[in-house]
Every structure is written in C-alpha cells, then in structure tokens.
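Quick note: numbers below take in every heavy atom, side chains included, and nothing from hydrogens, waters or symmetry partners. Letters A, B, ... are given to chains in the order of the sequence lines, protein chains preceding strands, and every chain is numbered from 1.
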Amino acid sequence: MTTPELPTQYAPADVETRSYERWVAEGYFTADVGSDREPHTIVLPPPNVTGVLHIGHALDHSLQDALSRRARMRGFETLWLPGMDHAGIATQNVVERELAKEGLSRHDLGREAFVERVWQWKEESGGRILGQMAKLGDSVDWTRERFTMDEGLSRAVQTIFKRLFDDGLIYRAERIINWCPRCLTALSDIEVDHTDDDGELVSIRYGEGDSAIVVATTRAETMLGDTAVAVHPADERYAHLVGTSVEVPLTGRLIPIVADEHVDPAFGTGAVKVTPAHDPNDFEIGRRHGLPSLAVMDERGVITAHGPFEGLDRFEARPAVVAALRAEGRVVAEKRPYVHAVGHCSRCKTVVEPRLSLQWFVNVQPLAKAAGDAVRDGSTRIHPPELAKRYFDWVDDMHDWCISRQLWWGHRIPVWYGPEGEVVCVGAGEEPPAGYTQDSDVLDTWFSSALWPFSTLGWPDRTPELERFYPTTVLVTGYDILFFWVARMMMFGLYAMDGTPPFQTVSLHGMVRDQYGKKMSKSSGNVVDPLDWISRYGADATRFTLLRGAGPGSDVAISDDWAAGSRNFCNKIWNATRFALMNGATVAETLPGPGDLTVADRWILSRLDSVVGAVDAAYDDFEFAKISDQLYHFAWDEVCDWYVELAKIQIASGGEVADRTRRVLGHVFDSLLRLLHPLVPFVSEELWRALTGGPSITVASWPAVLGVADPAAEGEILALRDLVTEVRRFRSDQGLKPGQKVAAKLALDGTALAAHEPAIRVLLRLDTPAESFVATARLAVGSAVIEIDTAGAIDVAAERKRMEKDLAAARKEAAQATAKLGNEQFMSKAPEDVVTKVRGKAAQADADIARLRAQLDALPAG
RNA sequence: GGGCGCUUAGCUCAGCGGUAGAGCACUCGCCUUACAAGCGAGGGGUCACUGGUUCGAACCCAGUAGCGCCCA
C-alpha cells in the first residue's frame, strides 16, 4: 500500500462514514454461529423505538463497543446484538400526541386502526437511533437486529406467559394498584416516582361527644369512601371506642372503629380513617376486618359518590370537602403546607391514584429467589460489587408484579374468556376456542424486555444461536434500570433457560453529568447532544471523553473543554503516526533482538509491555477511565514526548541503527493503535491501515505481553529525562530562547548517561565547547555535571532564588528523614525496606544540600 | 423513616498505611520541518471536622457536619 499524504490535522468526518460502511460491508461485525471460537456475547439494552441517541446511550454504547471490539481482536466469536424496544406506554403517548394535533383520540380510530397507526409511525420515525449508532461506530451485528414486537419475540412472550400461567405463577386478582388517571392504565410499583410534595394535613372529628374521634388525612376527599376508623389495639386512649360505630361526616354513614396493629399510635392523633378502595394499607386493614370497599372515584380521578361533590376532579374535591367539613365545625386542625411523599407516574408525572381493580400479576416469589441466589452463588457477578446490595434488597423483598396495562400498544395478554366465564391461556401456535374473546389488556413493556437475552437468540426454539451465545458474557447498562430490567431478565432467564442466568457478569455504569456534576436537563440548558459533539469533535473524541470518565458504577462528568482535549489527543496520535510514516516506520513479523537495540528502543518496548499488561488488567475490572488514562499518558508523555524525539536522533544517525529504529517505531505504533482501537475505532483504523497496509484493525489481533521488561533501560531513560528537564528548567529560568544554541561541557563519566551525550546535546541544543569556552553556570543533576556558557551574564537573582527553593526542599526532606532514623520506635518496628528507603532519602537529601550550597557559593554576588 | 455512598488543587476525579497525582483551567517563554488541536518551563492542596489505633494516617476505626443516590 502506498503511503497516503495525510493532512496535518485529523478530520474525523472524512473517514468515519467511509470506514463504517466498509466495516459493515466486509461483515466484520457479523458473528459466525458455526465457528469454533469461544463466544463473547453482549445484547444491547434496546433503546426505545421513540428515542433519539442521547449522551447516556453514547456512554452505554461506547463501553459495549470497546468490550466487543477488544473481544473480536482477542479472537472471540463476538456477537453484539442490536435492537429496539416497543416501549408500550411511551410510544403510545407519542402517537396519541400526534393524533391530538389532528384533533383525534385513539378512540376515534378504534383499537385496530390505532395500532396500525403506531406501526406506521414506528416504520417511519422509529429506529432513527439505529442510524445514529452507526455514527458512533457501534460494531453491532446488524444481520441479527431484533424488535420486541417482531414475530419471533412475540412468540417468546406468548410461550413464557403460558408456561408461567400453567405453573401458577401468573394470576388475575382484584388489588389496589397504582393507577395513572391520565394514561388510564395500571402501573407497576417501580413505575411510580416518589417526591416530597407540599400538601395539607387536615384533622377531622368523626362522631360526637365522648364517642368522637379525630383522624388526620392528606386526602380528605377519600373520606367519602371511608368504611372504618382504625386505632392501635394497645392504644388506651381509644380502647373504649373499639367495637363501637361512628358517623362519617357529610355522608351520615355509620362505620365501625376497629383495632389494627398496622396503625402507628404516634402519628397524628393515633386514629386513622380507612378507605379500602383508595389506599393500599387501608385495603389490607379492610381485608383483615372484613370491611367493604367503597369506590368514590372513577378512572380519571373524578368523584362518583352521589352528593354535592359528584363530578368534581379529585383536586377540586379536596378543598371542597374540607370547606364543607369546616362549615360543620368538624375540622380540628389544618397543617399547610404539609410535606409528604407523593407518587407520580414515571411517564407523565401525574399524581398516581391507588385504585382497586382487576389486574394480572406475576407471583415473583420463586423467580426472585432464584434471581437473588444466582448472584449470591456467583453464577452472575454484579460489578461494581457495592451495587449488588441494592440488587439483593430489591429481589429479596419484591412485591408481585402487576403486568397488565390498559393500553393498546403492546403484546396482548394471551388469555381468552368463554361465554360462561371460562378462562383459557392460549399458547404460541394454539387457537382459542370458538366464541371466546381475548383479554383487552396488553403486557407491561418490561415483560418482553425481560426476555431479551434469549428471545433475541431464537428462544423458545433451541436454535444454534441460543446454544452458542447464551448465556451472554456481560450486560452493560446503567444502574438506573437495575430493578426495571436487570432483575427481571435474571428472573425470566433463569426460569426459561432451566436455571442458567442470562449473564456471566452485569457491569453497571453511571449517568452522564455536566462539568459540575449536575444532572443534565433541558431546563438547566446543560444537555450535550452526542451528534453535535460527533460533528464538532468527531466520534472518537466523543467516545474517548465518555470512556475517560467512566469508573465502575460512577457517574461521568463531561464538558466541551474535555471533548476538545480528547479531540486534541486524537490529533496527537494522528500526527505522531504521520511522523512514523514519514520516517519510514516498518511493521515486520519480528523485532531485532535486544542486543541490536538501543537503550531507548528497549525502554519504550519495556514500557509498552507493561502498558499492555495494565490495560488488560483494567479491562478485567471494567475500569475504562484507567484504560484510557494509561493509554493517554503512554502515548503522549512517553511515546510522543520522548521516544519520538530520541528516534529522530537515531534515524538521523543513519545505518543499521536507523533501520532498526524504523522497525521499533513501526512496532510501537502498530501496538499502540491496536490498544487504542476499542476506544477510538475510526482514527486508529485510518492510521493503522496506512501504517501496516492491513485490511482492517477491526480484525487485527490484540497486543500480547511479550515479556521484554527492561528495568535497566527504564532507569537510564528516567535519568536522562531528569537531566534534560533540569537543564531545560535552567534555560527557561535564564530566559534562553528554546531555539538558541549554547556551548556546554558535559561531565557524565561514571554515570548511566555516559552513552547518551549525543542525544542530550541534541535535546538540549548544546554546542560543543570551543577553545575559548568559559562556563558561566554549572549544574549538577545526580552525579552528572553540566557546565554552560550562556554567552552573557546570567540572571543570578533568578538562579539564586531557584536554588534556595530547592535547598529549602532538600533541607526539609533531610530533616524528616533524619528524624525518622533517630526514632527508635521507627527503627525497630518499621519494615526493613522502608528503613532502607528512608536512609537513601537522607543520603540523597544530604548530597543535594551539599551540592546546592556549593553552587550557591559559586554564584557571583548580587 | 431505612439503607448505601461521597467530602483530595479553581472544576471533574485518581490514589486507599511509608507523608500528595491526572485532565481541563491558570502563569511565563516559544510558529524548534509529526502536531500551535502544538512544544518547553512553572504556580497552586493544613487530603470536610473532631477524637482514636499505629513507629508512621488522605488511606484503618468512632463520632460530627454537609452533599448525593436508592427504597419506604
């Protein structure tokens, strides 16, 4: 391959689309079910079909792509399976809003036409996010893309429903559920968000005289449905009233006063009104005492109880009821505002109304037990481990899952009812009996997503894909859906797959935040659009910024400045590789043996080796920030700042050394690009192809640890760097221009740097001394001494100031070390290596002090 | 109310027993033929507070304060 002319600035847009299309066309991302490689499987958490790519997806996908690309390079049969979720309630809401613009409701269309309309909408605007994934560079297997409502997955839903039903784990019951009066559907417990809201606490007197009892409530309007007053059985204040009846104000109904353990005698007056039809706790009390349930509101939260409040919305009825009570002199106290927890629909924020209704539930008892045990016994590892506790708290105390939704968009509940009230659950491929009608509800959208790790692989059929790619290697997702999704996949996976959990590891990441750690929100105006970043900084820089901040389970702070820094890093790699190409770097099967390499060569190969090891270790723990940091600093601080500079000198010297340097350069950049590829796929691909002429870095192998650690070479280069930095500091302090050459005498004999004099002279722009050389300054670094003719008076004050500062530091160091060495306790109890270290420090500090004093004395006065 | 976590340089974070690091920001000098999206040098922190353990604490223990998250 001919070396293309690369521009001096990396232009992402030019290469990204081209590379991605080629990758897909070549089939690099298509998993081969028939290969004999070990599988590495990730299923993509399916984004909502309504969605667009947001920065949280970009993080989630960057992590999965890095893992998948590295696995592919390591020789695994790598499957990253993409797809989308039908997102029942969310999508239905979107389409209903569309309809509303035309002045229509779903009821105007009717169920069939409405669902048809949603499908149509899904075809048109759904899946936008999938196109956006290509921009990010996601190496997903597009040939296996799935949708939770497609035919196969629907069959999986019907199959597992039938199995659970037949096992008695799905049942229908009348319960108090969370009801959204706006979405007009039941919600599961976790679809309710609790916030502390301002409300009111009204104390109301029921009854008269000695038999009066005062109850406190935040929802006065529900008193219309009260069927008892409850007190704690041990509460002596009310003992005489238990068993008697009292009149409900405004309604005139007589209700009993009952004693129940559930009542908290310390709350309010210690007496509570009981409304079984509108409160889950009251429902339980009602059940224990055989109380009737009296519904006083309809599905929209409108009062249905006959009387003056009928037809009022619940929030209009509340003050109206209080006013009426007040007029009757029954309000004993009012506390306003009274802050208390209020549940809101997680979809539309409407205040949830507990409502008695007939719904379908999953009995989660045995499923949740298995889901907990799988993590407890190590079959599935949750990472980071701190988050496992949250998982246990949830699965070990899970309430039955309400799975029916009064929506139209979703999987229909496969239960049919006969004319005589018969109930039949119809399995996949079965026909319902003639004359039966199907349940009108659909399933919670999470019911089908809970099947994702195996339904996407062909379950319930025992497909080759299922055999090969289940269980998946790792699930990568945000900790925010640990309960919604992860726990439920664990339950259904274990149940459907005969006890094999769906993941070997669950790796949880955090949320993306702004540069101050604040949550991103439209109202704060701090939302980052990943597509905007991709166009401004490139996909690689966008990914690198996210990866660089991603510690296990922790939130990621990002900002434009940091994205610009990542872009600069990509540009740095671009130009460094350009340098290697321009200087004839070659990539060969083997490297010259250590005997044929310079110290600098051996140093960089040694460092490369340890970086490969460190990166591998960090991948094992999903420490993406560490992976990124290791590579950033190795590439920039070591390869670019030092090895490239030393390589220039070696190449300039010509001959065999130059040839070998080209081979080392080729090897180092080849390896570095491979290491970087999972993080920054586009720039690494472009450069790697130019460097090696290979077809694609996507299918190149992952660098191995070669075992070429060379501590001696590392020590020498470290000494060289110290010396060079110290002299540069002197030059900078003295105001010598970077390009200005000065004459200098080096005394390096007997130090490790003796062989490096030519390099040191080039790096520091030091001329060989002429006959007339007169040193105006003398610098000592370690045991090396450099005398410099600055060709003029030196800035004595600057130098004195500097040396005095160094001297003070050395004296402090010496004092600390001496104090330790004089401490008997320390000497007798501290381990030997620590004592040796401190001795070394003391000796070094003493030498520094002597050296600096001599240098200070040698400075001209003034 | 219950549980978990955090508090280190201006901002975001690493470090998790031998006495402080990174990125960005900041200051100074440089267009030194890979790169000004760059190069070189530099400044900046009583590691929240109070006790304790230890020869030695940012790091372990206890308490206090503030912040955040999850659940009820």
Side-chain angles (χ1 to χ4, degrees), chain A residues 6-11 189-190 192 194 264 267 341 343 384 386-394 397 479-480 482-483 510-511 513-519 537-538 541 545 548-551 553-583 585 623 625-626 628-630 632-633 636-637 640-641 644-645 647-648 724-741 762-765 802 805 812-813 816-817 819-820 822-831 833-835 837-838 841:
Chain A
L6 299 179
T8 62
Q9 280 197 352
Y10 172 53
D189 291 346
I190 50 174
V192 177
H194 294 270
D264 176 6
F267 176 80
E386 306 92 85
L387 287 171
K389 189 175 165 13
R390 248 185 224 190
Y391 173 83
F392 290 134
D393 285 350
W394 171 254
D397 185 31
Y479 58 66
D480 57 327
L482 187 58
F483 307 144
M511 306 293 115
R513 293 167 176 272
D514 76 6
Q515 60 190 309
Y516 304 112
K518 292 268 174 297
K519 220 173 193 163
Y537 306 113
T545 305
R548 207 178 176 193
S554 63
D555 290 349
V556 182
I558 59 167
S559 81
D560 271 291
D561 281 347
W562 304 341
S566 299
R567 176 203 56 191
N568 296 355
F569 176 60
C570 293
N571 195 234
K572 187 73 181 177
I573 299 300
W574 177 265
N575 278 294
T577 311
R578 240 182 88 231
F579 164 84
L581 287 166
M582 286 161 57
N583 285 277
E623 294 274 9
K626 283 185 184 150
S628 311
D629 214 46
Q630 284 277 345
Y632 181 94
H633 287 291
W636 204 314
D637 303 349
C640 292
D641 286 353
V644 162
E645 295 307 320
K648 285 177 186 172
V724 169
T725 300
E726 176 60 14
V727 177
R728 279 175 176 164
R729 186 238 93 217
F730 171 80
R731 293 186 54 129
S732 182
D733 282 357
Q734 289 300 317
L736 291 169
K737 301 290 178 204
Q740 187 183 335
K741 289 203 156 195
V762 174
L763 292 172
L764 288 170
R765 290 168 204 282
R802 176 67 192 203
K805 189 188 164 200
K812 191 178 167 196
E813 180 85 26
Q816 282 175 341
K820 275 193 183 177
N823 181 338
E824 270 179 46
Q825 296 275 30
F826 174 77
M827 294 305 284
S828 61
K829 291 188 179 168
D833 59 317
V834 173
V835 175
K837 218 165 156 185
V838 173
K841 269 188 180 173

[X] side chain near [Y] side chain, heavy-atom distance below 4.5 Å:
X        : Y        : result
A:Pro7   : A:Gln9   : no
A:Tyr479 : A:Asp555 : yes
A:Met827 : A:Glu824 : no
A:Gln515 : A:Ile558 : no
A:Val644 : A:Phe579 : yes
A:Lys841 : A:Lys820 : no
A:Arg731 : A:Gln740 : yes

Exercise. With sequence neighbours excluded, give me every salt bridge (Lys or Arg N to Asp or Glu O under 4.0 Å) pair touching residues 557-583 of chain A.
Key: A:Arg536-A:Asp560
At less than 4.0 Å, is any side-chain N or O atom of [X] found next to OP1 or OP2 of [N]? Yes or no.
X        : N      : result
A:Thr725 : B:rA41 : yes
A:Lys626 : B:rG15 : yes
A:Gln515 : B:rU12 : no

[X] [atom1] - [N] [atom2] separation (whole Å):
X        : N      : atom1 : atom2 : value
A:Leu581 : B:rC35 : CG    : C1'   : 14 Å
A:Tyr391 : B:rC71 : OH    : P     : 16 Å
A:Gln9   : B:rA36 : CD    : P     : 7 Å
A:His194 : B:rC70 : NE2   : P     : 12 Å
A:Glu623 : B:rC13 : CD    : P     : 15 Å
A:Asp397 : B:rG2  : CG    : P     : 17 Å
A:Phe579 : B:rA37 : CZ    : P     : 21 Å
A:Asp641 : B:rG40 : CG    : C1'   : 10 Å

What does [X] touch in the nucleic acid at a heavy-atom separation under 4.0 angstrom: a base, only the sugar-phosphate, or nothing?
X        : value
A:Val644 : base
A:Cys570 : nothing
A:Gln630 : nothing
A:Arg729 : sugar-phosphate
A:Asp555 : nothing

For atom [atom1], what is the distance between [N] and [M], given to the nearest Å?
N      : M      : atom1 : answer
B:rG2  : B:rC26 : P     : 47 Å
B:rC47 : B:rC60 : C1'   : 16 Å
B:rU50 : B:rC4  : C1'   : 24 Å
B:rC39 : B:rU32 : C1'   : 8 Å
B:rA25 : B:rG18 : P     : 32 Å
B:rC28 : B:rA65 : P     : 45 Å
B:rC55 : B:rA9  : P     : 31 Å
B:rC6  : B:rA58 : C1'   : 14 Å

Practice problem: In sequence, state the C-alpha distance, the side-chain angles, and the governing distance for A:Arg390 and A:Leu482, and then conclude on side-chain contact (heavy atoms from CB on, under 4.5 Å). | Solution: CA-CA 9 Å; A:Arg390 248 185 224 190; A:Leu482 187 58; 4.2 Å; yes
Exercise. List the steps, then state whether side-chain contact (heavy atoms from CB on, under 4.5 Å) holds for A:His194 with A:Val192.
Key: CA-CA 6 Å; A:His194 294 270; A:Val192 177; 4.0 Å; yes
Quiz prompt | Toward the 5' end of RNA chain B, by each residue's nearest nucleotide, A:Ala341 or A:Asn823 | solution = A:Asn823
Practice problem: Between A:Trp394 and A:Ala11, just flag the one whose closest nucleotide in RNA chain B comes earlier from the 5' side. | Solution: A:Ala11
Quiz item: From the list B:rA37, B:rG42, B:rA34, which nucleotide is the closest neighbour of the side chain of A:Arg802?
Solution: B:rG42
Self-check item: Pair assignment for RNA chain B - dot-bracket with | for other-strand partners, Watson-Crick or G-U under 3.5 Å
Solution: ((((((((.[[[[.)..(..]]]].(((((.......))))).....[[[[[..)....]]]]]))))))).
Practice problem: Start with the C-alpha gap between A:Lys519 and A:Arg513, add the side-chain angles, then the distance that decides, and say whether side-chain contact (heavy atoms from CB on, under 4.5 Å) holds. | Solution: CA-CA 5 Å; A:Lys519 220 173 193 163; A:Arg513 293 167 176 272; 4.1 Å; yes
Practice problem: Output all residues satisfying ring-ring contact (aromatic ring centres under 6.0 Å, His included) with A:Tyr10, sequence neighbours left out; order by chain, then residue number. | Solution: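 By the ring-ring contact (aromatic ring centres under 6.0 Å, His included) rule, A:Tyr10 matches A:Trp574.
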Exercise. Return the set of residues passing ring-ring contact (aromatic ring centres under 6.0 Å, His included) with A:Tyr632 (not counting sequence neighbours), or none when no residue passes.
Key: A:Phe569, A:Trp636
Quiz item: For every nucleotide of nucleotides 3-8 of chain B, 5' to 3': is a protein heavy atom under 4.0 Å from its base (B), only from its sugar-phosphate (S), or from neither (-)?
Solution: SS----
Quiz item: With the sugar-phosphate defined as primed atoms, P, OP1 and OP2, and the base as all remaining atoms, what B/S/- string results for nucleotides 18-32 of chain B, 5' to 3', for protein heavy atoms under 4.0 Å?
Solution: BB--SBS----SS-B
Self-check item: Side-chain donor or acceptor of A:Ser554 paired with backbone N/O of A:Ala550 under 3.5 Å
Solution: no
Self-check item: hbond_proxy A:Arg567 side chain to B:rA37 base (donor-acceptor, 3.5 Å cutoff)
Solution: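 A donor-acceptor contact between them is present.
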